[in-house]
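For clarity, every value in this text was computed on a predicted model and none was experimentally measured.
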Amino acid sequence: MMKGLGLSKRYYEAYGREMLETKFPHIRNQVAAGLVGQGSECFGFDDGISMDHDFGPSFCIWLPRETYEEYGSQMQEAYEALPGTFMGFPARVSQEQGRGRVGVLCLEDFYQGILGRDTVPVSDGEWLALCEENLATATNGSVFEDRLGRFSAIRDGLLEYYPKKVWIRRLVQSLAKAAQAGQYNYARAMKRGERIAAELALAEFIKEIMGAVYLLNKKYAPYGKWTHRGMKELSSCSEIGEMLNLLYTVDPAQAWENVSPEDYVYHLNTNDGRILVIEAVCNIIVQELNAQGLSDLQDNFLQNHLQVILEKER
């Protein structure tokens, strides 16, 4: 299947580059072109289902504000005059919420719209103020060319990843929430017969463990529906993605029948297959913490690693 990112690049090479060179040679060196931003195709996660909206031959042109204000409308007209169909794919039809994602864009407004700023953060506080999924959105896709280098300078600065203190802080937060939800609250909710509370704890564990895996890979996690899918592309702990699937192949109800409040105070209920998966996942995280020199403990309870991580990084 042709992915949207590949289609975009071929379309640009077939029509976009020539349009710029013949109609806008005087500002050719001001142009950055590519496909970055919102949409599954920018992450490379698009499939047959994705083609029902916001899919088709298209690309982005980013111009610095001063150039955009003078030539943006004229260049957008030229962009819209390019052939609509390409390689058998019909013209892109954007839903209302998908408008403005492709075509001629103001460079500064592009980053402002995603991050709320058009410069690379400097202080730890500025980094902490940014939403991680927005950082993933601002740095995904591909830049086909950038002669001026201004668009790529911001992109490259963001891709250098969090400063170390910010990275550690976010990692510790994810590990703490994962431990609380999966290794503590899930079992207590099941013991009480609070199945909905247990499912919420399990979902929180999954979310925070996935976040921790991305952090350990020093890669920004995409927005929710693609976080699990994106784990396949990670180099460390990617097997956790498949292990998390096992949590939904087990019905834990029987494992907690006739369990009294005094049961499993100090020992895990290993009759619940979900707990076995949770502990196996946490063990992989612990081994990765050890491998990266973040902790030297072998304790499977993630909570017990937090202070060690913080002390090692002071």
Give, for atom [atom1] of [X] and atom [atom2] of [Y], the distance between the pair rounded to the nearest 0.5 Å.
X	Y	atom1	atom2	value
C282	Q303	SG	CD	11.5 Å
L63	Y71	CG	OH	11.0 Å
L105	M75	CG	CE	11.5 Å
L135	L130	CG	CG	5.0 Å
L216	S236	CG	OG	8.0 Å
T270	I275	OG1	CD1	8.5 Å

Would a distance-only check, ignoring hydrogens and angles, find a side-chain to backbone donor-acceptor pair under 3.5 Å from [X] to [Y]?
X	Y	result
S295	L289	no
D299	N304	no
Y15	F86	no
N283	E279	no
W167	L215	yes
K3	G44	yes
N134	L115	no
D124	V166	no

What heavy-atom pair brings [X] and [Y] nearest, and what distance separates the two atoms?
X	Y	answer
G241	H228	O-NE2, 2.7 Å
Y220	T139	CD1-OG1, 3.8 Å
E208	S174	OE1-OG, 3.3 Å
S152	V143	OG-CG1, 4.1 Å
G84	P57	O-CG, 3.2 Å
I114	G37	CD1-CA, 4.4 Å

So if you build clusters from Ile, Leu, Val, Met, Phe, Trp, Tyr with side-chain heavy-atom gaps below 4.5 Å, do [X] and [Y] land together?
X	Y	value
L128	L310	yes
L175	V308	no
W256	Y184	no
L148	L20	no
L246	I206	yes

Step through the shown structure and confirm whether more than 12 heavy atoms of other residues, nucleotides or ligands are within 6.0 Å of [atom1] on [X].
X	atom1	result
R10	CZ	no
E18	CD	no
R169	CZ	no
E160	CD	no

Please step through side chain to side chain contact (heavy atoms under 4.5 Å, CB included) for the pair V281 and I209, ending with a clear verdict. CA-CA 8 Å; V281 165; I209 277 293; 3.8 Å; yes

With a 4.5 Å limit on heavy-atom distance, are the side chains of [X] and [Y] in contact?
X	Y	value
N217	M231	no
C42	L5	no
Q74	V104	no
E133	T227	no
L297	V286	no
S8	F144	yes
F205	N185	no
N245	T249	no

Any ion pair linking [Y] and [X] (charged N to carboxylate O, less than 4.0 Å)?
X	Y	answer
E126	R117	yes
R65	D109	yes
R101	E41	no
E132	K207	no
E108	R150	yes
D251	R195	yes

Answer with yes or no whether the side chains of [Y] and [X] bring together a donor and an acceptor at under 3.5 Å.
X	Y	value
D272	Y186	yes
T137	Q38	no
Q298	N290	yes
E204	Q180	no

_Among residues at least two apart in sequence or on other chains, which ones pass ring-ring contact (aromatic ring centres under 6.0 Å, His included) with F43?_
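ring-ring contact (aromatic ring centres under 6.0 Å, His included) check on F43 returns F45, Y223.
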
Take L294 and L171 through the side chain to side chain contact (heavy atoms under 4.5 Å, CB included) test and state the conclusion after the steps.
CA-CA 10 Å; L294 294 167; L171 177 61; 3.8 Å; yes

Fill in: Stepwise side chain to side chain contact (heavy atoms under 4.5 Å, CB included) check, Y79 with S58
CA-CA 9 Å; Y79 173 87; S58 57; 3.4 Å; yes

| query | Does the side chain to side chain donor-acceptor pair (under 3.5 Å) test come out yes or no for E66 and Q30, once each step is laid out? | reply | CA-CA 10 Å; E66 60 274 18; Q30 299 285 309; over 6 Å; no

Exercise for review: Describe, in one word, how the ring planes of F151 and Y111 are oriented to each other, choosing from parallel (under 30°), tilted (30 to 60°) and perpendicular (over 60°).
Suggested key: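 Correct class here is tilted.
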
Practice item. Name the orientation class of the two ring planes belonging to Y11 and F59 (parallel below 30°, tilted from 30 to 60°, perpendicular beyond 60°). Key: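 Y11 and F59: tilted rings.
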
Candidate pair V36 and W62, rule side chain to side chain contact (heavy atoms under 4.5 Å, CB included), full reasoning: CA-CA 10 Å; V36 179; W62 299 281; 3.8 Å; yes

Would R274 and Y248 count as a cation-pi pair here, with the cationic atom under 6.0 angstrom from the ring centre and within 45° of the axis?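 That pair qualifies as a cation-pi contact.
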
Requested in this report: Give the C-alpha distance, both sets of side-chain angles, the deciding distance and a yes or no for side chain to side chain donor-acceptor pair (under 3.5 Å) between Y12 and E145.
Outcome: CA-CA 10 Å; Y12 175 74; E145 66 169 281; 2.6 Å; yes

